[in-house]
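Throughout, protein chains are lettered first and strands after them, A, B, ... in sequence-line order, and every chain is numbered starting at 1.
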There are 2 protein chains.
Amino acid sequence: MTTAARRPATLDDVARAAGVSRSTASRVLGGNGFASPTARERVRTAVDLLGYVPNPAARALVHGSGVRLLIAVAGTDPTVLDDPYVDQAVAAVARACTPHGLGVAVQWVPLAEPERLTRLTDDRGVAGLVLLNTTPALLDLVPRRLAGRAVSIGIGSATVPSVDIDNGGGTTAIVRHLYDTGRRRIAMVTGPRWLACANRSVRAYRALVHEAGLPAREVVGDFSANRGYAAAREVLRRWPDTDAIVGISDATALGVIGRLRADGIRVPDDVAVTGFDDIPLAATVALTTASHPVRQIITAAATMVLEQRTAPETTVFPSALVVRGSA
Amino acid sequence: MTTAARRPATLDDVARAAGVSRSTASRVLGGNGFASPTARERVRTAVDLLGYVPNPAARALVHGSGVRLLIAVAGTDPTVLDDPYVDQAVAAVARACTPHGLGVAVQWVPLAEPERLTRLTDDRGVAGLVLLNTTPALLDLVPRRLAGRAVSIGIGSATVPSVDIDNGGGTTAIVRHLYDTGRRRIAMVTGPRWLACANRSVRAYRALVHEAGLPAREVVGDFSANRGYAAAREVLRRWPDTDAIVGISDATALGVIGRLRADGIRVPDDVAVTGFDDIPLAATVALTTASHPVRQIITAAATMVLEQRTAPETTVFPSALVVRGSA
DNA sequence: CACACACCTGGAAGCGCTACCACCACAATC
DNA sequence: GATTGTGGTGGTAGCGCTTCCAGGTGTGTG
């Protein structure tokens with residue numbers, strides 16, 4: 001539009017165009033310090049005219065603030081990053097960061113080697129930290145430098161605030177629904193044992209079946225549809241009279257349903273199946289599940305670090321039972 | 001580990017620890033310029049010892065190179081960003097960028113106002129550009145500054161290279177498969193008209209049905225399951241004898257199947273349904289679809305800008321027919 | 001033995017920005 | 001009339017890094 005070989009304007013250009021010093025221009029843009037209405041006005045118009053956007057690198061350099069949010073995902077191996085849930089988290093954080101001029105990065109932190117996190121946070125480019133699949137060991141390794149700029153999705157600590165899903169409540173609602181609709185031999189395909197949020201679901205399941213005097217039937221899964229597919233067969237092999245299967249996630253449940261249907265077992269007539277998460281497809285395939293606003297949760301987490309909350313609070317988002325066709 | 005209040009090391013710290021000047025240390029790390037083996041060695045060990053990671057902001061500042069990749073997604077409204085496909089793209093780009101010390105940002109560019117892209121690229125923080133849902137107008141607005149640092153997913157131009165899916169080939173394979181299995185009244189739920197890749201699919205469909213002397217039956221969709229759900233009913237209302245529905249995406253197909261099943265129409269016995277993309281769930285629900293390595297495609301795109309390819313080449317990734325239960 | 005020419009090195013400038021400081025008006029106070 | 005503000009301003013020092021440049025050493029050549 002303007003000149004041929006456009007070079008993004010610098011603050012100097014703005015100052016010159018506005019006929020003020022760089023300092024004044026900076027003060028106007030930063031909003032702090034004094035500036036006369038005239039100066040303010042002239043700088044504003046110069047900014048508009050030149051399409052000036054501050055250079056985040058320069059800003060980060062002088063503030064020592066870093067330039068991107070790091071999403072650290074704990075897991076046994078790098079394939080955790082292949083999880084669509086991580087995709088969603090990364091994208092949601094990116095969307096929250098973009099208006100603040102921050103980028104996002106993702107990295108896997110091996111479960112067996114949490115201190116690897118330190119190497120990642122030694123990077124001054126890291127402005128903040130979002131922990132996914134958090135373990136207690138990881139929380140202790142969040143450096144002081146990032147205090148108030150770190151948040152955990154899942155469990156928190158005295159220094160690291162967290163946002164979390166009410167997995168226990170969600171699972172309780174699901175299992176109770178199964179019980180209320182006459183299911184008495186309820187099995188569960190769980191998540192990885194080391195994952196706090198998965199454990200809360202499992203504990204809720206156990207508490208409820210125990211309370212009802214039913215046996216607990218657990219097969220360890222990993223959130224994936226594939227694992228659900230295999231786990232379904234294992235459940236029915238070990239406990240053939242099972243009449244309900246609780247999936248730790250929607251993907252798990254979808255895998256379970258796939259296997260059951262392939263084996264000629266009717267859902268929900270023979271076996272009821274439930275999921276957890278309420279992914280978009282759950283509605284399409286009529287999956288009974290627990291719904292929680294994942295995007296909202298992640299966005300809340302990102303917002304916490306962007307706005308630099310200091311209070312190590314835990315925000316728990318509710319989980320709502322959604323009854324559809326599968327149970 | 002080391003000192004209590006750890007402050008990430010700077011190049012000065014490294015130089016001091018290694019007993020050389022900052023310049024020498026920088027030269028060793030940059031790999032360019034001369035440096036004696038001794039100096040090289042000492043700097044290396046100092047780096048390891050201190051856990052030094054270069055400050056990307058300072059680096060970007062001196063190089064004028066920017067600090068994050070921008071993913072610009074064209075669409076009629078900001079909800080395009082809610083698409084899981086965008087999630088996946090953002091996450092994949094983030095994964096590719098992270099090792100390079102770059103972050104990612106996402107922004108919507110209104111279809112009706114492509115020049116809004118200029119405001120985004122005026123930000124010196126932008127090191128590179130990935131265009132999603134690209135339109136020709138957008139390609140022309142890629143600034144010179146980003147030449148060789150921009151890539152389009154979909155259509156490209158003389159200056160902007162692209163990576164693309166062989167939508168035409170994939171759709172041809174699908175429609176041919178439907179024809180070969182006896183379907184003669186094949187309808188299609190299309191994508192938005194302005195989207196080049198969707199149009200290629202539609203054109204392939206038209207060409208094939210035309211060639212076979214069949215009528216084209218099109219309902220405009222938008223890639224979403226919801227729209228597929230609604231579109232399925234519209235198809236059957238307008239052409240009750242339809243015996244196959246080609247979905248522009250897996251989500252569309254899933255929506256179509258959901259509606260058909262809800263209406264008591266058997267899939268594939270009464271109506272065959274096909275998708276496009278081969279999302280993870282497609283296998284679970286036995287959807288016949290065309291598969292293409294989306295993650296690999298996005299990664300290829302990201303790699304192109306990270307490695308600053310200059311040749312405006314177009315890389316087309318093949319699309320493979322995956323026959324499963326739904327058609 | 002002077003010279004060129006390699007290799008190697010530290011000093012210093014500067015990327016674009018913010019923040020501190022010194023300064024200057026002008027008004028209000030003693 | 002000297003003093004203390006108060007609102008406004010520009011100069012300048014850096015943030016951590018790269019890169020250019022001047023100045024070293026040491027080898028090989030005329």
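If you measure from atom CZ of A:R16 to atom P of D:dG10, you get 14 Å, rounded to the nearest angstrom.
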With 3.5 Å as the limit, what N/O pairs link the protein to nucleotides 4-7 of chain D?
none

Distances under 3.5 Å between protein N/O atoms and the N/O atoms of nucleotides 11-16 of chain D, please, pair by pair.
unit_1: D:dG11; atom_1: N7; unit_2: A:S23; atom_2: OG; d: 3.0
unit_1: D:dG11; atom_1: O6; unit_2: A:S23; atom_2: OG; d: 2.9
unit_1: D:dC15; atom_1: O2; unit_2: A:V62; atom_2: N; d: 3.4
unit_1: D:dG16; atom_1: N2; unit_2: B:A58; atom_2: O; d: 3.4

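Among the atoms of the strands shown, only primed sugar atoms or phosphate atoms (P, OP1, OP2) are found under 4.0 Å from some heavy atom of B:A35. Residue contacts shown for A:P56 are absent, as no nucleic acid heavy atom lies under 4.0 Å away. Using a 4.0 Å heavy-atom distance criterion, B:A60 is classed as making no nucleic acid contact.
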Practice task
Take A:R44 and A:E41 through the test salt bridge (charged side-chain N to carboxylate O under 4.0 Å, His left out) and record every step on the way to the result.
Solution key: CA-CA 5 Å; A:R44 288 272 153 68; A:E41 175 60 22; over 6 Å; no
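For the residue pair A:D77 and A:T79, a side-chain donor N or O sits within less than 3.5 Å of a side-chain acceptor on the partner. With 3.5 Å as the limit, one finds a donor-acceptor pair spanning the side chains of B:S152 and B:T134. Judged by distance alone, the side chains of A:S21 and A:T24 do bring a donor and an acceptor atom under 3.5 Å apart. Side-chain atoms of A:T10 and A:D12 form no donor-acceptor pair, as typed in the model, at a separation below 3.5 Å. Counted by atom type alone, A:S23 and A:S26 present zero donor-acceptor pairs between their side chains at under 3.5 Å.
When each of A:L81, A:L69, A:L70 is tested with A:V106 by the rule side-chain contact (heavy atoms from CB on, under 4.5 Å), just one qualifies, namely A:L81.
Bracketed by its first and final contacts, the part of DNA chain C lying under 4.0 Å from non-hydrogen atoms of chain B reaches from C:dC7 to C:dG16 in 5' to 3' order.
Of all non-hydrogen atoms in B:R68 and B:A105, the two that sit nearest each other are CD-CB, 3.8 Å. Counting all heavy atoms, side chain and backbone alike, A:F34 lies closest to A:R40 at C-NH2, 4.5 Å. When every heavy atom of B:A46 is checked against every heavy atom of B:V14, the shortest pair comes out as CB-O, 3.8 Å.
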